[in-house]
Amino acid sequence: MIDKISSIEKEVKEKIANAKTSVSIEEIRVEFLGKKGKIIDILKNLKSVEETKRKEVATLANKLRVDIENKIEDKKEEIKEKEYENKINNAKKIDLTLPTNLNIGSLHPITIVQKELEEIFESMGFTVEDGNEVETEYNNFEAVNVPKHHPARDMQDTFWLENGQLLKTQTSAAQNKIMKKYGAPLKAIFPGRCFRNEELDASHENTFFQMEGMMIDKDVSIANLIYFMKTLLSEIFKKEVEVRLRPGYFPFVEPGFELDIKCIYCDGKGCKVCKHGGWIELCPCGMIHPNVLKMGGIDPEKYSGFAFGLGLSRLAMMKYGINDLRILNSGDLRALKQMYIK
Amino acid sequence: MFISINWIKDFVDLEGIDVKDLIYKFTMSTAEVEGIVEYGKDTKDVVVGRIVSVENVENYKKLHKLLVDIGNEKINCICGAPNVKEGINVAFAKDGSLVNGIKIKKTDIADHESNGMCLSEKELGISEDHSGIIILDDNIKLGTDIKEVIPIEDVVYEIDNKSLTNRPDLWGHYGIAREIAAITKRDLKPLQVEDLEKYNELKKLDINIEDKDECYRYSAITIDNVTKKVSSYKMKTRLTYCGLRPISLLVDMTNYIMLELGQPMHAFDKDFIKSINVKTLKDKEEFITLDDTKRSLDAGTLMIYNEKNPVAIAGVMGGQNTQITDNTTSLFLESANFNAVTVRKTASKLALRTDASSRYEKTLDPELTKLAVGRFVKVLKQEDSNIKVSSSFSDLYLNKYPNIIIEISREYINKKIGVEFTLDKIVDILTSLKFIVDVKENDLLVINVPTFRATKDISSKADIIEEISRIYGYDNIVPQTNLWKVEPVRKEEIRTLEYGTKKLLAEKFGLSEVHSYVWYDTKLNNELGINTHDNLKIVNGLNRLDSTLRYNMAPTMLYSVYKNIKNYDEFGVFEIGRVFEYTNKNENCKEHKVLGIALSSNFKSEETLLFEAKKMVENVAKIYKNIKLEYVENLHYNDNFIHPVNSFAIKYDNTILGYISLLNPKVRDKINPKSNIVIVELRIDLLADIKNVDVVFNEISRYQTVDFDFSIVVDSNVKYKDIENVIAKSNLSYLQKYTLIDVYENKLKLKDKKNVTIRFTIGSYENTLNKDQIDEERNKLIDTLKQNNMIINV
């Protein structure tokens, strides 16, 4: 029996040494240590061993069993390690340069610019308001100091509607409603779509976006307006801008200004964007006309304020270097998809 | 409007002032300058010469060989002008000289050497006249540079008319000169005018104003013995440079005074005028204006009548019947002031905007009429010394503007501008602009507004603030902050929803935002077979076809799909736009904010697309409102592009928020038969109004749950929602959730039935359910389903 044990030992060690795979090592385990395994068999049949040798055989067999168990475990580890090594070494090298489908759509450039501006204004304590697109003649003109038959009506070609309403020509059409809604003091911006009855070309659209703002409080001065616009525009263009005011005539402000910024592309040296003048005409603004305040229910003796208009379409064009205004309303995704999300 | 610096120099000494710098200052203090032209810069070495001999050129009837004496030499040239004559003085451009940029060179004409040319007015650039050469005064020294004889050298700048809308006083050179005097701190020279008082003895003209609100003042004078027919070169040059065509002395005179003072004038042939009446037309009438155009005038048009016949459209244009002709030697000069609104209305109705009407509509100062007559006579005398004034200055001045006095304190001014002005500084500025200022106690200023600013321009303190700050210079104001009250910003729900929706659709679902027009494109509607019904219309659109405002979003979204479909196999577009509801004629329309979506794919099935659209809508509803939407029979939307079977109204509570629909194949095929297209319209404004459902935290059960799948056999027309209703009805005690696993349809095996597999999860929050409890739940569910003809295949 002792011989048998040593021959089993020899056999099993040989087999373990030769085992190559997890499967074959498992087969070895079953062959020798399984329920009917050769080593287990010896232990099960100790009774048949003569009494005197029984203890020695048992000890030997048990020792062999433990020894083989360990060997198998070690071998298993070794094989697993090798198998991982093989797996890793044989892994297919993935070509990560293959393209992915982002499936990102795009926001309209106006939305992007408008959102950016709204965030700046919100951080400065402005309420964001929304106006109508179809307006009454009163709100669009009379309430902003442009009575019927006033020559200033020529400044804006108007789309008139059959019911006497109109497509708003300017965001100022919301001024009256907003003043009546909030009263003074007031800080509000109101972006929106505006319409002019014009033929289309690269720089004229009948449908475009403006953003207008109003700030009304006690003792608001021209010096305050300049300070505010400078701060605001520096924030918008993300750099310190230099501004200048020129007289400009807009019936709802008095005095009215054209605000220019020193060309941000050439620092005022003169380039294509500023038409070599060094300044870019950017936004009309001014001190709100006392009549406009009065019509909005605000006492012009007590309060004053300023208003300003920003051309969102224009700013979007500047931001993305778009040279044809018509692209914005074209619905052409080959153009619009270039503007992404932010 | 064009401003000639030479003309300005008549009134302000600009010695030592750089003209470009001056124009810049004007831009910064008064009005926008659109351009500057330097005239005469490109004309050099044109001199006065005398034709000493004229010879015919053989074989050329029209040509003459001239010998021209230019003082230091005599030059041969060939000239084709009909008015050449021995002994006349001409403007001569010799070989090597420059005429408006063109180099004059020695050349051969008809085999004769020509060493220069005699210039016409057109060639010199002072008028359009090319009928002959310029003939100059006899007494000018030969060889004198033409620039010393005719003021061709000038700087002319153009002001943007829009920026003068509120400044009636700036529609003439004298007003601009006044402004420039204030800007440059120089004196404004008084205007040289004829003393009209000296004609008081002459007969008064018969003038009547019948419509007294329409005509504020009518002044007139008659002048006889006009012998000259053409204006001086100086006058012609100025008119030309300022954009008006010289015509004849009398017409040019009225234009000249208008450009100088801003007061339109009209010269009638005196022979035709007996008595003037200003009144409106009683009936429609046809009238031929002096541009030889027959115009239909409406009743109510303000006219100038001679006795019983209309002779001019007041403030707009004179009539052909009484106009100045070549034979006119006596004129009746009108200098009037009409109601600005009346003139504006007439001019726009006739679509006849004239230099006169565009001035009148700005509300001119009636004081100007007399000044203009005085100036007219003065200047006309300089042009033609033979003229005789033949009537007294006849003047009917019915409506005087009230004198405007504004009281304002220094403190107020300084507060509103944000600059510490001294009293002297303020008074200086206002006085330079011809305001009369009286200083009272406590630095209170009592300001008398000059008449030329008092018609509508200056009426309040804000106007005074503007005057002071613009002349002081906006650039000189130091920016200042102010301690404004800071309040939390209220943000309207809809703005968050709008931006959120846009971001979600673009980022998560890969759609692209587009902007469309708010009116239908009739051509595209026809092309795609989209029907839209009548709605609010634009009445004056440039393209009359496209005048109907949209009442839904889908068509404009489909335009965009149509435009892009050739470039993309699969894409989606969206817009949050306005639609207009116009149900009651002549009432104000209602405006709604609607999200429009269109999805198009060449490989996804219609059903897949429909569910993608549903997913988008539900994402918005879940994320921004935490609500669950329902889909019901679409009874509200019946446009022809909507699919008659597969279109579903989106409902929440009792509100229909919009719909999701396959595109009707009839329209789809027009866009692209290979594409599947789904459209969505969602009332984002209604959605914004819905109250947000609070999120309530459900405790996580510590006890085990049990899952089981039921395969439920139902008729194929049974909706998932029907099954859900039955599940709800079964009133299970421990149902935690259920999830749809699969829907199996197979016409062959199941015929008109389908299998819907749902996984139910049950569990208690108090203990682990035992077998009896679980069986009880299962049986309750099975029984209820069975009662509703839903059979379980276990």
Side-chain angles (χ1 to χ4, degrees), chain A residues 103-108 110-111 115 122 125-128 130 132-134 136 149 151-152 155 159-165 167 185 197-199 207 217 219-224 226-227 230 244-249 251 254-255 257-258 287 289-290 304 328-329 331-334 336-337 341, chain B residues 27-31 162-163 165-166 341 344-345 361-362 415-418 460 462-463 466 469-470 474-475 477-482 484-486 489-490 495 499 502 505-507 510-518 536-542 560 563-564 567 571 578 580 586 588-589 591:
Chain A
N103 195 30
I104 292 178
S106 53
L107 290 174
H108 195 278
I110 295 280
T111 299
K115 181 77 180 140
E122 278 165 3
F126 278 71
T127 304
V128 185
D130 213 2
N132 284 342
E133 288 178 5
V134 167
T136 59
H149 306 297
M155 291 160 78
F159 281 117
W160 291 97
L161 303 174
E162 57 185 313
N163 61 350
Q165 285 187 289
L167 287 171
N197 196 357
E198 287 181 351
E199 297 284 358
T207 304
D217 211 320
D219 299 327
V220 176
S221 69
I222 299 173
N224 295 151
I226 301 174
Y227 170 82
K230 197 172 148 57
R244 70 171 192 194
L245 297 185
R246 285 182 289 118
Y249 172 63
E254 181 80 45
F257 315 111
E258 287 283 5
M287 306 303 290
H289 198 289
S304 52
L328 297 178
N329 290 337
D332 189 339
L333 300 191
R334 289 171 302 174
L336 295 174
K337 264 183 167 294
I341 309 289
Chain B
T27 304
M28 298 303 288
S29 285
T30 308
K162 271 191 296 194
S163 62
T165 309
N166 62 331
V341 170
R344 183 176 156 78
K345 274 192 199 164
E361 68 169 28
K362 308 296 184 299
K415 228 189 305 187
K416 295 292 167 173
I417 301 178
S460 67
D463 301 315
E466 171 166 35
S469 49
R470 71 183 179 88
Y474 296 133
D475 269 359
I477 299 174
V478 181
Q480 256 173 43
T481 175
N482 187 341
W484 290 296
K485 203 162 74 182
V486 178
V489 183
R490 282 157 290 191
R495 303 207 72 82
Y499 275 122
K502 287 179 181 182
L505 293 178
E507 288 181 2
L511 305 194
S512 292
E513 188 187 10
V514 294
H515 279 172
S516 56
Y517 293 99
V518 296
L536 186 55
K537 280 193 177 56
I538 297 168
V539 289
N540 65 334
L542 294 170
S560 182
K563 187 172 262 177
N564 289 294
N567 299 320
F571 66 103
R578 311 292 178 99
F580 307 94
N586 296 320
N588 285 353
C589 77
E591 207 168 309

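For the numbers below, each heavy atom of this structure counts, side chains included, while hydrogens, waters and symmetry mates do not. In what follows, chains carry the letters A, B, and so on, assigned in the order in which the sequence lines appear, proteins first and then strands, with residues in each chain numbered from 1.
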Practice task
Please look at Phe257(A) and chain B and tell me whether the side chain, the backbone, both or neither of the residue comes under 4.5 angstrom of a heavy atom of that chain.
Solution key: side chain
Practice task
Indicate yes or no: at least one non-hydrogen side-chain atom of Arg470(B) is less than 4.5 angstrom from one of Pro255(A).
Solution key: no
Exercise for the section: Given side-chain contact (heavy atoms from CB on, under 4.5 Å), test Thr207(A) with Val518(B) step by step and report yes or no. Expected result: CA-CA 9 Å; Thr207(A) 304; Val518(B) 296; 5.8 Å; no
Fill in the blank from the handout: In terms of heavy-atom pairs under 4.5 Å with chain A, the winner among Asn564(B), Thr27(B), Val514(B) is Asn564(B)
Exercise for the section: Go through the atoms of Lys563(B) and report whether side chain, backbone, both or neither lie under 4.5 Å from a heavy atom of chain A. Expected result: side chain
Completion exercise
Residue from Pro479(B), Ser512(B), Ala31(B), Gly418(B) scoring the most non-hydrogen pairs under 4.5 Å with chain A is Ser512(B)
Fill in the blank from the handout: So, the part of Ile417(B) with a heavy atom under 4.5 Å from chain A: the answer is both
Handout entry: Atom group of Ser460(B) that falls short of 4.5 Å from chain A, counting heavy atoms
Key = side chain
Practice task
Measure the CG-CD1 distance between Asn197(A) and Ile538(B) for me, rounded to the nearest 0.5 Å.
Solution key: 7.5 Å
Fill in the blank from the handout: Okay, Ser469(B) and chain A: the region with an atom under 4.5 Å from a heavy atom over there is side chain
Handout entry: Under 3.5 Å: donor-acceptor pair, side chain of Glu162(A), backbone of Lys537(B)
Key = yes
Exercise for the section: Identify the two heavy atoms, one from Thr165(B) and one from Lys362(B), that lie closest to each other, and give their separation to 0.1 Å. Expected result: O-CD, 3.4 Å
Exercise for the section: Check each atom of Asn166(B) against the heavy atoms of chain A and say whether the ones under 4.5 Å are side chain, backbone, both or neither. Expected result: both
Handout entry: Heavy-atom pair count under 4.5 Å with chain A, highest-scoring of Leu505(B), Asn567(B), Val478(B)
Key = Asn567(B)
Completion exercise
Looking only at Glu122(A), Glu133(A), Arg244(A), most heavy-atom pairs under 4.5 Å shared with chain B are made by Glu133(A)
Handout entry: Segment of Glu199(A) engaging chain B (4.5 angstrom heavy-atom cut-off)
Key = both
Exercise for the section: Select one option (side chain, backbone, both, neither) describing which atoms of Glu361(B) are under 4.5 Å from chain A's heavy atoms. Expected result: both
Handout entry: Spatial distance of atom CZ (Phe580(B)) from atom CG (Leu161(A)) [nearest 0.5 Å]
Key = 8.5 Å
Fill in the blank from the handout: Scored by heavy-atom pairs under 4.5 Å with chain B, the best of Leu328(A), Leu333(A), Thr111(A), Ile110(A) is Leu333(A)
Fill in the blank from the handout: The interface call for Glu254(A) against chain B, heavy-atom contacts under 4.5 Å, is both
Exercise for the section: For Val341(B), enumerate each residue passing the side chain to side chain contact (heavy atoms under 4.5 Å, CB included) test, keeping only those at least two apart in sequence or located in another chain. Expected result: His149(A), Asn339(B), Lys345(B)
Completion exercise
When rounded to the nearest 0.5 Å, the distance separating OG of Ser106(A) from CZ of Phe571(B) is 12.0 Å
Exercise for the section: Heavy-atom pairs under 4.5 Å with chain A are the metric here; pick the option from Lys162(B), Lys415(B), Lys502(B), Glu591(B) that has the most. Expected result: Glu591(B)
Practice task
With rounding to the nearest 0.5 Å, note down the distance linking CD1 in Ile222(A) to OH in Tyr474(B).
Solution key: 6.0 Å
Practice task
Could you tell me whether a side-chain N or O of Asn224(A) sits under 3.5 Å from a main-chain N or O of Gln480(B), the two making a donor and an acceptor?
Solution key: yes
Handout entry: Most contacts with chain A, counted as non-hydrogen pairs under 4.5 angstrom, among Asp475(B), Leu536(B), Thr30(B)
Key = Leu536(B)
Fill in the blank from the handout: Residue from Thr127(A), Val128(A), Asn132(A) scoring the most non-hydrogen pairs under 4.5 Å with chain B is Asn132(A)
Exercise for the section: Could you tell me whether the side chain of Glu513(B) and the main chain of Leu107(A) form a donor-acceptor pair under 3.5 Å? Expected result: no
